[in-house]
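Structure first, commentary second.
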Amino acid sequence: MLEKSFDHKAIEPMLYAAWEEDGAFAAGATGGDPFTIMIPPPNVTGSLHMGHALTFTLQDTLVRWRRMQGRDALWQPGTDHAGIATQMVVERQLAAKGESRAALGRDAFLARVWQWKAESGGTITTQLRRLGASLDWPRERFTMDDGLSAAVREVFVTLFNQGLIYRDRRLVNWDPKFRSAISDLEVENKEIRGSLWYISYPVEGSDERLVVATTRPETMLGDSAVAVNPEDARYTHLVGKFVVLPLTGRRVPIIADSYSDPEKGTGAVKITPAHDFNDFAVGERHSLPMPSILDRDARITLGEIEDELAHVAGVADPDFVRTLAGLSREDARKAIVAELERLEFLVKIEPHTNQVPHGDRSDAVIEPLLTVQWYCRADVLAAPAIAAVEDGRVKFVPKQWENTFFAWMRDIKPWCISRQLWWGHRIPAWYGPDGQVFVAKTADEAAALALAAYGEVLEITQDDDVLDTWFSSGLWPFSTLGWPDKTADLARYYPTDVLVTGFDIIFFWVARMLMMGLHFMGDVPFRTIAIHGLVRDERGQKMSKSKGNVIDPLTLIDEYGADALRFAVLQQTGPGRDIKLGPTLVASGRGFVTKLWNAARFCEMNGVAPVAGFDPASVTSPLCRWLLAETNTAIVSATAALEAYRFDDYAFACYQFTWGSFCDWFVELAKPVLNGSDEAAAAELRATAAHVLGLTIRLLQPAIPFATDALWEGMGFGAARSLISAPWPEPMVLSNVAAAQAEIAWVIRLISAVRELRGEMNVPPATLAPVFLADASRQTLDRAARYEDAVRRLARANQVGPLVGTIPTGAAQIMLDEATIVLPLAGLIDLTAERKRLTRDHDRARDDADKLERKLAGADFVARAKPDVVEDTRLRAQTARDEQARLAAALARLGAG
RNA sequence: GGGCGCUUAGCUCAGCGGGAGAGCACUACCUUGACACGGUAGGGGUCACAGGUUCAAUCCCUGUAGCGCCCACCA
C-alpha cells in the first residue's frame with residue numbers, strides 16, 4: 001500500500017543511499033553509446049547555492065533521461081580547488097584566530113588549506129546527493145589530485161616548448177588586496193562618481209602653463225610626459241618643449257601622440273606609463289621612462305624617483321613628496337590635491353563619473369602594475385576554437401551565444417596565467433642563479449635541463465607563483481579521464497556530449513576548455529553547449545547577500561523535497577531565460593508531485609496493477625484508447641523537448657498530461673466504469689491505467705526521481721530501484737484512434753458546457769438537473785448513453801437522454817455541434833439572465849460571421865490567400881452563421897421577457 | 001562608445017503571418033467515496049509606440065522610447 005502522502009524527508013535520503021550502494025549511476029554498466037556530461041566542478045569548499053541547484057538539476061535530468069534510453073551515461077563528478085576563493089576563506093579563518101598566512105609560511109599554510117579541504121570538501125558533494133544528482137561518485141576528481149596536477153604540468157611544459165607560454169614584463173591588473181595579478185576577465189568595471197582635477201604644469205622656459213585634467217592626481221609622481229594631439233592647433237607650438245612637474249620637479253617632454261583626444265579634458269593628457277594601460281602604450285611608442293610609484297599594496301613608493309628628488313629645485317618640494325611615501329592611493333590623492341591647491345597649481349575640480357576597475361573577488365580597486373608574469377598565447381589557441389564553433393562541431397544552445405563567444409575570441413588578449421598565491425598548481429618553472437629559466441615537469445628534469453645547457457649543476461629554485469585556477473579547469477574534460485595517459489575512458493568518453501553551464505563562465509571556462517581540448521586532444525571537448533540563465537528570486541531580483549534575498553536550496557529541499565525543487569527548476573528553464581525561483585514556485589512543484597502520488601493511490605485503491613503481456617493495440621474502449629493517444633502525445637512532446645534542451649516544455653508536457661488528461665478527465669470518466677458491473681470493461685481500464693501510469697512514471701523519472709522510484713516499486717512496476725534503468729517510453733503503435741479521440745472530446749465538451757452554463761446561471765452544485773439532447777444524431781445519443789453515469793456525476797445531472805417532445809419554455813439551451821443541449825431549469829434560473837446570455841452569444845456569433853464574410857468578400861483575399869485558409873474561413877463563417885440562427889431560435893423559444 | 005536581448009492578462013512567461021494562451025494571483029461556489037498540496041466556474045489584455053511590407057501583422061522590416069545584460073582606453 002502506498003502511504004497517504006509522499007514523505008520526502010524520510011524517503012529521499014534513503015533512496016539515494018540505496019541508489020549509490022547499487023552502483024546505479026556507474027558508467028559502463030551498459031554497452032550503449034556513451035553519453036557524457038562533465039560536471040562544472042564546484043568550489044571544493046563551497047556549498048550548494050541556487051545556481052548549482054539549477055545547473056545540476058538540468059544535467060541530472062539529461063543524464064537520467066539518456067540512461068533510460070540505454071546510453072552508457074557518465075556524469076563525471078568532481079570539485080575545483082578555486083585558488084583565490086579558497087585561499088581567501090582560509091586566510092579569513094586564520095585572521096579570526098589572530099594568525100596570518102605570512103606568519104605561517106608557505107608549507108604550513110598549505111597544510112591548513114588541505115586540512116580545510118578535508119573538513120569541508122564533503123559539504124557540496126553531500127548536498128549534491130540531497131538534490132538527487134546521479135553522479136558516478138567513485139570517479140570523483142579534484143583539480144589538485146596527483147593525476148590532474150600531472151596533466152597541468154604536462155600542458156604547461158608543452159605549451160612553453162611550443163612558444164605558447166612565455167614570460168613578460170608588462171602592465172598587469174594588480175589586485176592590491178590579494179597582492180596578485182589577475183586576468184582581464186577577473187576585472188569588473190564599476191561606475192564611480194569621482195572628480196576630474198585640472199592641474200597646471202609650468203612650461204619650461206616660459207610663463208605659459210599647460211593644463212591637464214586627470215582623475216588620478218596621485219599618479220603625477222610617475223608622469224613621464226604630457227601628450228597632445230598632433231592635429232590640435234592649440235598646442236602645436238608646445239610640442240618638443242618640456243613641462244616641469246609640480247612637486248617632484250621632473251622635466252617631462254610635451255609629445256604629440258594621437259592617443260590624446262582634443263575633446264576630452266583639456267586636450268593635453270598626462271602620461272604615467274607604469275600605472276595606466278594606455279599610457280603604457282604611449283610610453284612604449286615614445287621610449288619614455290616608466291617609473292613605478294606604487295608598490296604591491298598600492299601604496300606610494302618613491303624608490304624609483306628617489307634619485308631625482310635629491311637633485312631638484314625650483315617648483316619642487318622634495319620634503320613634501322617624501323611625506324607621501326607609504327600612503328594609500330586615496331590618502332596620497334588628498335594630500336597632493338591639497339598641496340597643489342596651496343601652491344596654486346590646481347585650476348579647478350569638476351564632478352566626474354568614470355569606470356573604475358575592481359577585482360571581482362576582492363572588490364579592491366585594481367592597479368595597473370609593471371611586473372613579470374607568465375602569459376599564454378590565447379590568440380593562437382583561439383583560432384581552432386573559433387573554427388569549431390563556426391563549422392558546427394560545437395553548437396551553442398541557444399545559438400545567440402555564439403555571437404558573444406566570437407566577439408570575445410576574435411579579439412582575445414594574452415592570458416595572464418600566473419598568480420601570486422600559494423594555493424594552486426605551482427608553476428613548473430625553475431630559475432638559475434642568474435635568472436635562467438628552466439621549464440620542466442619536475443625539479444629533476446629542470447636540473448637536467450640546466451646541466452645540459454650550462455654543463456654544470458646549477459642551484460635552481462622553483463617559481464613561487466601558482467597558475468590561474470581556470471588553467472586547470474580548462475583541462476577538466478580530459479584530465480578527469482586520465483590524460484595524459486591514453487586511457488580507455490578517454491577513448492570512450494571524450495569528446496563529451498553536452499556541457500551545461502551559465503553564460504557567466506563562457507569566457508572563463510567554456511572558451512578555455514575548447515582551446516585546450518582542441519590543442520591537446522585534437523577534438524572538441526563537447527558537442528553542445530547548453531547555456532542557461534541566472535537564478536533570481538520570485539520577483540526577478542538577482543539574489544545577493546546584501547539584498548538579503550538569497551534562498552538556500554537545502555532549505556527548500558527540507559521543506560518541499562528535492563523532487564519539488566527540481567520540478568520547479570525545470571518548469572522555469574526556458575532557453576536563454578533567467579530562472580525565477582522561490583517558495584511559491586517550489587510549493588507548486590510539490591503540488592504536482594503530490595498530485596501524481598494521489599493519482600497513483602487512486603489507481604492502487606481501484607485495483608490497478610501492471611498486467612503482464614498488456615498490448616495497447618488490443619484496447620477497445622474509446623476512453624482507454626483516448627488515454628493511450630494522449631499518452632503518446634505526451635511521450636512525443638516530452639522527448640522532443642529534452643532533445644531540444646527545452647526543459648520547460650518537458651515539464652509542461654508531463655504536467656499537462658498527468659494533471660489534465662490523466663487526473664481531470666481519465667480518472668473522473670473512469671470512476672463509473674470501475675464501479676460498474678461490466679467486469680471486462682473495468683479490467684481493460686485497469687490494465688490500461690496501469691500501463692499508462694507506468695509510462696508516466698518513466699517519463700517523469702528524470703525530473704522527479706525520488707517519488708517516481710517509490711511509486712515504481714510501490715505499485716509493482718518493477719523491482720526496487722529498477723526504474724533508473726527502465727526503458728524510456730516510446731510512442732505506442734495505435735491504429736484509428738481518431739474516433740476514440742472525437743468521442744471523448746465530445747464528452748468533455750458536453751460536461752464542460754453544462755458546467756459552464758450552471759456556473760453562469762448560479763445553479764448550486766447541490767441542485768441536480770436533467771440534461772436533454774434535442775436534434776441529436778444517433779451517434780450523439782449513443783455517446784450520451786454510454787457516458788451517462790459520468791455526465792451525471794461530473795455535470796451534476798440527475799437524468800441524461802434525448803429530449804422527448806419540444807423544448808420547454810424557460811429551459812436553458814446550449815449549442816453543441818448539431819445538437820441542442822436542453823436544461824429544463826425553469827424556476828431555477830433567472831430568465832432575464834438566460835436571455836442575456838443567449839443574446840450575448842448570439843451577437844458574438846453574428847459579429848464573427850459578419851467579420852468573416854466581409855473578409856471573404858474582399859477579392860484580394862480569395863485570390864491571394866492560401867486555398868486552405870480561404871476554405872477554413874468559409875467554414876468558420878458558415879458555422880458562425882448557423883450558430884447565430886440557432887441561438888436566435890433558442891431566444892425565441894425562451895419567450896419574451 | 002560597441003554589441004546582444006527584452007517589452008503579450010495584476011505577476012511570471014509561452015506563442016505565432018490568417019480564430020489572443022498557460023501557470024500563479026484574484027473572485028464565487030464546493031469538506032462529491034485519490035488529492036483542500038484538491039475540485040468547478042468567473043473576471044481580466046488597443047500583444048510598448050510610430051511607420052512600412054502583405055490580401056492579412058502581436059508575429060516580418062525600419063525607427064522611437066523604456067528596461068536588462070555583455071564588452072570597451074580610469075583625461
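Because only heavy atoms are used, hydrogens play no part in the values below, and waters and symmetry mates are left out as well, while side chains stay in. As the structure is a prediction and not an experimental result, all values here were calculated from the model. Numbers restart at 1 for each chain; the letters A, B, ... are given by sequence-line order, proteins then strands.
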Specify the separation, in whole Å, of atom [atom1] of [X] and atom [atom2] of [N].
X         : N       : atom1 : atom2 : result
Ile748(A) : rU40(B) : CD1   : C1'   : 15 Å
Phe405(A) : rC4(B)  : CZ    : P     : 18 Å
Leu856(A) : rG19(B) : CG    : P     : 12 Å
Lys851(A) : rG18(B) : NZ    : C1'   : 10 Å
Asp649(A) : rA14(B) : CG    : P     : 10 Å
Leu596(A) : rC35(B) : CG    : C1'   : 12 Å
Phe567(A) : rG23(B) : CZ    : P     : 13 Å
Lys4(A)   : rC37(B) : NZ    : P     : 11 Å

How far, in whole Å, is [M] from [N] if one measures between their [atom1] atoms?
N       : M       : atom1 : answer
rU27(B) : rG17(B) : P     : 38 Å
rA28(B) : rU64(B) : C1'   : 45 Å
rG44(B) : rA36(B) : P     : 32 Å
rU40(B) : rA22(B) : P     : 14 Å
rC49(B) : rU58(B) : C1'   : 14 Å
rC26(B) : rG63(B) : P     : 43 Å
rG23(B) : rA9(B)  : C1'   : 12 Å
rG3(B)  : rC60(B) : C1'   : 22 Å

- request: Could you tell me the separation between the CZ atom of Phe666(A) and the SG atom of Cys603(A), rounded to the nearest 0.5 Å?
  value: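 Atom-to-atom, Phe666(A):CZ and Cys603(A):SG are 7.0 Å apart.
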
query: Looking at CH2 of Trp197(A) and OG1 of Thr214(A), how far apart are the two atoms once the value is rounded to the nearest 0.5 Å?
result: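 Trp197(A) CH2 to Thr214(A) OG1: 8.5 Å, rounded to 0.5 Å.
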
Which is true for [X] with a 4.0 Å heavy-atom rule: it touches a base, it touches only sugar-phosphate, or it touches nothing?
X         : result
Val593(A) : nothing
Glu402(A) : nothing
Arg646(A) : sugar-phosphate
Ala587(A) : nothing
Arg758(A) : nothing
Cys663(A) : base

Pairing donors with acceptors under 3.5 angstrom, does anything connect the side chains of [X] and [Y]?
X         : Y         : value
Gln884(A) : Arg881(A) : yes
Asp257(A) : His286(A) : yes
Tyr655(A) : Gln571(A) : no

Neighbour count >12 (heavy atoms, 6.0 Å) for atom CD, Glu3(A):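 Incorrect, the count does not exceed 12.
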
Indicate the ring-plane relationship of [X] and [Y], choosing parallel, tilted or perpendicular according to the 30° and 60° boundaries.
X         : Y         : answer
Phe507(A) : Trp408(A) : parallel
Phe405(A) : Phe396(A) : tilted
Phe657(A) : Phe662(A) : tilted

message: Can you tell me whether the side chain of Gln571(A) and the base of rA22(B) have a donor-acceptor pair closer than 3.5 Å?
response: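 Such a pair does not exist between side chain and base.
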
Heavy-atom side-chain proximity of [X] to [Y] below 4.5 angstrom:
X         : Y         : answer
Glu834(A) : Glu760(A) : no
Ile579(A) : Arg536(A) : no
Arg590(A) : Leu565(A) : no

With 3.5 Å as the limit, what N/O pairs link the protein to nucleotides 55-58 of chain B?
| from | atom 1 | to | atom 2 | distance (Å) |
| --- | --- | --- | --- | --- |
| rC55(B) | OP1 | Arg864(A) | NE | 3.1 |
| rC55(B) | OP1 | Arg864(A) | NH1 | 2.3 |

- request: Fill in the dot-bracket string of RNA chain B, one character per base: . for unpaired, | for a pair to another strand, ( ) or [ ] for pairs within the strand, taking Watson-Crick or G-U pairs under 3.5 Å.
  value: (((((((..((((....[..)))).(((((.......))))).....(((((..]....))))))))))))....

Might you point out which heavy atoms bring [X] and [Y] nearest each other, and give the distance in Å?
X         : Y         : result
Leu570(A) : Ala703(A) : CD1-CB, 3.4 Å
Leu856(A) : Ala877(A) : CD1-CB, 4.0 Å
Phe706(A) : Ala562(A) : CE1-CB, 3.7 Å

- request: Starting from the 5' end of RNA chain B, give me the residue, Arg755(A) or Phe652(A), whose nearest nucleotide shows up first.
  value: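 In this pair, the answer is Phe652(A).
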
Which pairs of donor and acceptor atoms, one on a side chain in residues 223-231 of chain A, lie under 3.5 Å apart (sequence neighbours left out)?
| from | atom 1 | to | atom 2 | distance (Å) |
| --- | --- | --- | --- | --- |
| Asp223(A) | OD1 | Lys270(A) | NZ | 2.8 |
| Asp223(A) | OD1 | Thr272(A) | OG1 | 2.8 |
| Asp223(A) | OD2 | Tyr201(A) | OH | 2.7 |
| Ser224(A) | OG | Pro289(A) | O | 3.0 |
| Asn229(A) | OD1 | Glu231(A) | N | 2.8 |
| Asn229(A) | ND2 | Ser260(A) | O | 2.7 |

Grab the N/O contacts between the protein and nucleotides 31-33 of chain B below 3.5 Å, and write none if there aren't any.
| from | atom 1 | to | atom 2 | distance (Å) |
| --- | --- | --- | --- | --- |
| rG33(B) | N2 | Asn675(A) | ND2 | 3.0 |

- prompt: Can we say Arg846(A) and Asp848(A) salt-bridge, meaning some charged N sits less than 4.0 Å from an Asp/Glu carboxylate O?
  reply: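 Looking at Asp848(A) together with Arg846(A), the answer is no, because their closest N to O distance does not fall below 4.0 Å.
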
task: Using a strict 4.0 Å threshold on nitrogen-to-oxygen distance, state whether Glu402(A) and Lys399(A) make a salt bridge.
output: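 Yes.
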
- request: Choose from rU12(B), rA34(B), rG18(B) the nucleotide whose nearest atom is closest to any side-chain atom of Arg876(A).
  value: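 Nearest listed nucleotide: rG18(B).
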
- request: With the side chain of Arg601(A) defined as its heavy atoms from C-beta on, choose the nearest nucleotide among rG39(B), rC35(B), rG42(B).
  value: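 For Arg601(A), the side-chain atoms sit closest to rC35(B).
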
All N/O contacts under 3.5 Å from nucleotides 67-75 of chain B to the protein, with atom names and distances to one decimal?
| from | atom 1 | to | atom 2 | distance (Å) |
| --- | --- | --- | --- | --- |
| rC73(B) | O4' | Asn278(A) | OD1 | 3.4 |
| rC73(B) | O4' | Asn278(A) | ND2 | 3.2 |
| rC73(B) | O2' | Asn278(A) | ND2 | 2.8 |
| rC73(B) | O2 | Asn278(A) | OD1 | 3.4 |
| rC73(B) | O2 | Asn278(A) | ND2 | 3.2 |
| rC74(B) | O4' | Gln355(A) | O | 3.4 |
| rC74(B) | O2' | Thr215(A) | OG1 | 2.5 |
| rC74(B) | N4 | Arg216(A) | NH1 | 3.1 |
| rC74(B) | N4 | Ile366(A) | O | 3.3 |
| rA75(B) | OP1 | His352(A) | NE2 | 2.9 |
| rA75(B) | N6 | Tyr259(A) | O | 2.9 |
| rA75(B) | N6 | Asp261(A) | N | 3.0 |
| rA75(B) | N1 | Asp261(A) | N | 3.1 |

Interface polar pairs with nucleotides 24-26 of chain B, N/O, under 3.5 angstrom:
none

